[in-house]
Amino acid sequence: MKPTVSEILYEQACQVLPGGVSRNTIFRTPHPFYADKASGCRVTDVEGVERIDFANNMASLIHGHAHPAIVSAVSEQLQRGSAFSMATEAEVCFAQHLCSRSPAFDKIRFVNSGTEAVMAGVKAARAFTGRAKIAKVEGAYHGTYDYAEVSQTSSPANWGAPERPSSVPVAEGTPQGALDDVIVIPFNDPETAVAILNQHAGGTAAVLLDPMPHRVGLIPADRDFVHALRRWCDVNDAVFLFDEVITFRSTYEGAQAWFDVPAGPDRFG
Ligand SMILES: Cc1ncc(COP(=O)(O)O)c(C=O)c1O
């Protein structure tokens with residue numbers, strides 16, 4: 001039988017991309033779907049099959065594909081240049097706009113990916129506190145920074161005792177030092193989480209939380225859980241980091257607005 005366009009593309013891809021993909025999540029057996037074009041909520045693959053796109057690039061395309069206003073604005077900018085070793089008015093306007101959306105945002109630092117944003121947040125918390133450890137929820141995905149990915153894929157075979165979850169690496173070769181500097185806490189279990197955190201009180205720079213972690217079932221964090229973590233951070237001079245890479249688009253102010261926690265350094269409770 002004649003190979004399909006997708007089969008030919010995948011065979012070529014395997015010569016130049018590890019595993020044939022540049023993004024693990026798009027892999028399908030026997031090969032990924034190859035997009036040709038998209039408009040609004042519909043995407044057409046290279047075989048000519050049109051589908052409704054429920055993924056929208058993991059929800060980043062909140063306006064759908066190729067929205068005319070976005071195409072027009074981006075095309076106009078491309079003709080004026082797209083990247084400069086200089087500052088731009090656009091970055092100032094965009095930062096002003098984002099700061100106006102959430103009382104938690106005093107200032108914005110733009111980065112290229114969620115992984116980098118989490119990494120920058122962790123590094124800032126370490127610089128601010130002079131401490132090395134971070135705490136994160138077991139199973140939560142925060143990108144691929146060594147520390148942030150710990151225990152994202154732990155299983156009954158290796159996750160340890162509930163009152164002292166193990167730090168389980170994702171990548172082969174993760175340094176032991178990275179594992180030792182990550183405290184793993186259970187989701188939506190404030191008592192156990194706080195008891196675990198208390199064992200590391202003096203050395204913890206930050207508690208990292210996705211308010212609705214998709215790999216933990218897309219269940220919103222309980223108010224009690226968020227409040228307990230925020231209180232713990234305040235009492236122990238640690239930084240509370242919301243990872244809103246996905247959830248910031250849930251409401252105009254982001255999902256953190258669900259929990260009535262103070263923005264910035266105001267102490268809570
Ligand atoms: C909650 C969360 N944090 C961080 C990341 C990492 O973002 P990126 O893929 O842009 O590095 C993701 C990616 O889906 C995410 O869902």
Side-chain angles (χ1 to χ4, degrees), residues 17-28 32-33 35 43 53-65 70 83 91 94-95 98 101-102 104-105 108-126 134-154 167-171 174 178 181-188 193 205-222 225-226 229-230 233 239-259 261:
L17 302 169
V21 285
S22 57
R23 196 177 183 189
N24 294 350
T25 44
I26 56 106
F27 185 75
R28 299 284 176 280
F33 297 111
V43 60
D53 187 355
F54 289 100
N56 281 320
N57 196 37
M58 311 300 176
S60 72
L61 297 180
I62 195 164
H63 304 286
H65 293 278
I70 295 172
E91 72 189 344
F94 191 34
L98 287 174
R101 279 182 56 175
S102 169
F105 296 174
I108 300 283
R109 171 85 184 191
F110 292 114
V111 291
N112 294 304
S113 67
T115 293
E116 215 183 317
V118 169
M119 179 181 75
V122 168
K123 289 170 92 165
R126 286 177 170 158
I134 63 156
K136 63 155 293 193
V137 163
E138 189 165 46
Y141 180 65
H142 296 282
T144 56
Y145 186 37
D146 284 351
Y147 302 89
E149 71 177 6
V150 166
S151 289
Q152 179 209 312
T153 53
S154 49
S167 291
V168 180
V170 170
T174 300
D181 279 338
V182 179
I183 305 153
V184 181
I185 54 173
F187 187 54
N188 276 349
V207 175
L208 175 62
L209 180 71
D210 177 342
M212 192 163 65
H214 43 95
R215 303 264 172 108
V216 189
L218 210 64
I219 301 163
D222 288 341
F225 183 61
V226 176
L229 296 183
R230 172 64 199 248
C233 287
V239 176
F240 191 31
L241 284 177
F242 276 116
D243 173 355
E244 293 230 46
V245 167
I246 299 292
T247 58
F248 190 66
R249 54 187 78 94
S250 327
T251 79
Y252 197 68
E253 292 176 36
Q256 57 196 273
W258 295 335
F259 305 105
V261 283

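We use all heavy atoms of the structure for the numbers below, so side chains are in, but hydrogens, waters and symmetry mates are not. Counting convention: from 1, in listed order, for ligands and their atoms alike.
- With sequence neighbours left out, the ring pair (Phe, Tyr, Trp, His ring centres under 6.0 Å) criterion links Phe187 to Phe225.
- The minimum heavy-atom distance linking Ala221 with Val226 is given by the pair CB-CG2, 3.6 Å.
- Using a heavy-atom distance under 4.0 Å as the criterion, the protein contacts of ligand 1 are Ser113, Gly114, Thr115, Tyr141, His142, Gly143, Asp210, His214, Asp243, Val245, Ile246.
- When the side-chain contact (heavy atoms from CB on, under 4.5 Å) test is applied to Ala135, the partners found at least two apart in sequence or on another chain are Ile183, Leu197, Val207.
- Side-chain contact check for His142 and Asp210: no donor-acceptor pair (N or O, by modelled atom type) lies under 3.5 Å.
- Remark: Phe94 pairs with Phe110 by the ring pair (Phe, Tyr, Trp, His ring centres under 6.0 Å) rule, at least two apart or across chains.
- Ring centers of Phe27 and Phe33: at least 6.0 Å apart, outside the cut-off.
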